[in-house]
Amino acid sequence: MAAKHIILLGPPGAGKGTQAKRLEEARGMVQLSTGDMLREAKSSGTEMGKRVAAVMERGELVTDEIVIGLIEEKLAQPRPERFGGFIFDGFPRTLKQADALGELMVRKGQSLHAVIEMQVDDAALVARITGRFTCGNCGAVYHDVTKPTKVEGTCDVCGGHDMKRRADDTEQALKTRLMEYYKKTSPLIGYYYAKGNLCAVDGLAEMGAVAADISKVLDRP
């Protein structure tokens, strides 16, 4: 199976991370998360890693140039025998970054197979995120409406009683994150549509159904 590089687009909570992990397991794809790359570079000891460490130690934002440099390093690394392509998650976030990534891919003789937009209904997304909670003991995930515990306050898996909710899983916090996404990242939808790369899937469908829709995109010529 030929390697195919994709971008996953979607607001916070759309399930990009979940689907990226499924693609890694099922197709041998490699997720390129900006945060993971920065943490890895900081401790690598390479010249690029030293630049990253210096910027982060000064408390400054990492520049687009540095992120593109890290991606370039990844594209140049030897690939495992079972390699299905790269998944760009969290980059690009702006039109300027999209242009820089496109120029890099051309220089390296690579191309994007697809940009997959995980579409969501905002109200449904807010309901999904604000209703979720986890067991602080074993990490099992629940939801007030769609997956409550059988006994209130007691984990079905381990019997623990330490239920937790993320501090930023409030309605107001999520709406703030959604507004930030729409302001900065949603212009990419029109950008990639114009380039003919864009495909859309229902991000709020059942996880297996979302994975099947993404597979259809990847399996097309």
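Remember, predicted model here, so these are calculated numbers, not experimental data.
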Tyr192 versus Ala98, closest heavy-atom pair with distance
OH-CB, 3.5 Å
Among Thr185, Thr34, Leu188, side-chain contact (heavy atoms from CB on, under 4.5 Å) partner for Arg93:
Thr185
Between Gly13 and Leu125 the two heavy atoms that sit nearest each other are O-CD1, 3.3 Å
Give a yes or no on whether the backbone of Ala76 and the side-chain of Lys108 come within a donor-acceptor separation of less than 3.5 Å.
no
Ile68-Leu38 co-clustered via ILVMFWY side chain contacts under 4.5 Å
yes
Under 3.5 Å, is there a donor-acceptor pair between the side chain of His113 and the main chain of Asp219?
no
Thr18 and Val210, any side-chain heavy atoms less than 4.5 Å apart
no
Between CD on residue Glu73 and CD on residue Gln77, distance to nearest 0.5 Å:
7.0 Å
Over 12 non-hydrogen atoms of neighbours within 6.0 angstrom of OH in Tyr182:
yes
Smallest separation among heavy atoms of Val62 and Ile66, with atom names:
CG1-CG2, 3.5 Å
Glu25 with Lys21: basic N within carboxylate O range, under 4.0 Å:
no
Is the number of heavy atoms from other residues, nucleotides or ligands under 6.0 Å of Glu60 CD greater than 12?
yes
Would Leu75 end up clustered with Val52 when hydrophobic side chains under 4.5 Å apart are linked, directly or stepwise?
yes
Take Lys96 and Leu101 through the test side-chain contact (heavy atoms from CB on, under 4.5 Å) and record every step on the way to the result.
CA-CA 9 Å; Lys96 181 181 177 184; Leu101 179 61; over 6 Å; no
Do the side chains of Cys155 and Asn137 get nearer than 4.5 Å, heavy atoms only?
no
Side-chain (Glu24) to main-chain (Gln31) donor-acceptor, under 3.5 angstrom
yes
Side-chain contact test, heavy atoms from C-beta onward, threshold under 4.5 Å: evaluate it for Val157 versus Tyr142 and give yes or no.
yes
Would you say the side chain of Cys135 lies within less than 4.5 Å of the side chain of Asp162, judging by non-hydrogen atoms?
no
Would you check if the side chain of Thr149 reaches a backbone N or O of Val151 as a donor-acceptor pair within less than 3.5 Å?
yes
Could you state the interatomic distance from CG (Asn197) to CD1 (Ile7), rounded to the nearest 0.5 Å?
7.5 Å
Is there side-chain contact between Val67 and Ile71, with heavy atoms separated by less than 4.5 Å?
yes
So does Lys175 pair up with Glu171, basic N to acidic O under 4.0 Å?
yes
Any heavy-atom pair between the side chains of Phe86 and Arg79 that's under 4.5 Å?
yes
Single-linkage hydrophobic cluster, 4.5 Å side-chain cutoff, Val201 and Met29 together
yes
Can a salt bridge be assigned to the pair Lys147 and Asp156 using a cut-off of 4.0 Å between side-chain N and carboxylate O?
no
Side-chain donor or acceptor of Glu117 paired with backbone N/O of Gln119 under 3.5 Å
no
How many angstroms lie between atom CD1 of Ile129 and atom OG1 of Thr170, to the nearest 0.5 angstrom?
11.5 Å
Is it true that, when you exclude Glu65 itself, more than 12 heavy atoms of the residues, nucleotides or ligands shown sit nearer than 6.0 Å to its CD?
no
As an exercise, state the distance from CZ of Arg82 to CZ of Arg27, rounded to the nearest 0.5 Å.
10.0 Å
Can you list the steps and then say if Glu47 with Arg51 is a salt bridge (charged side-chain N to carboxylate O under 4.0 Å, His left out)?
CA-CA 6 Å; Glu47 285 305 311; Arg51 288 181 64 189; over 6 Å; no
Working note: Leu9 + Ile116, criterion side-chain contact (heavy atoms from CB on, under 4.5 Å); need CA distance, chi angles, decisive distance, verdict.
CA-CA 6 Å; Leu9 278 182; Ile116 301 175; over 6 Å; no
Arg220 and Lys4 have their tightest heavy-atom pair at O-NZ, 3.1 Å
Which distance, rounded to the nearest 0.5 Å, do you find between the CZ of Phe91 and the CG of Leu8?
15.0 Å
Report the C-alpha separation of Asp99 and Tyr191 in whole Å, then their side-chain angles, then the decisive distance to 0.1 Å, and conclude whether the side chain to side chain donor-acceptor pair (under 3.5 Å) test is met.
CA-CA 10 Å; Asp99 280 336; Tyr191 176 93; 2.7 Å; yes
Verdict with supporting geometry, Phe88 and Ile6, side-chain contact (heavy atoms from CB on, under 4.5 Å)
CA-CA 6 Å; Phe88 294 97; Ile6 64 170; over 6 Å; no
Checking Gln19 side chain against Met207 main chain: does a donor-acceptor pair fall under 3.5 Å?
yes
Shortest non-hydrogen contact from Thr154 to Met163?
C-CE, 3.5 Å
State plainly whether one hydrophobic cluster holds both Met118 and Tyr181, where clusters connect Ile, Leu, Val, Met, Phe, Trp and Tyr through side-chain heavy atoms under 4.5 angstrom apart.
no
Is there a path of hydrophobic side-chain contacts, each under 4.5 Å between heavy atoms of I/L/V/M/F/W/Y residues, joining Val115 to Leu32?
yes
What pair of heavy atoms forms the shortest contact from Leu174 to Pro12, and how long is it?
CD1-O, 4.3 Å
Ring-plane angle category for Phe83 and His5, please: parallel below 30°, perpendicular beyond 60°, tilted otherwise.
tilted
Residue of the set Lys50, Met37, Met56 for which side-chain contact (heavy atoms from CB on, under 4.5 Å) holds with Lys42:
Met56
Can you tell me how far CE of Met179 sits from CG of Asp122, rounded to the nearest 0.5 angstrom?
9.0 Å
May I ask you to test the Arg132-Arg128 pair for a side-chain heavy-atom distance under 4.5 Å?
no
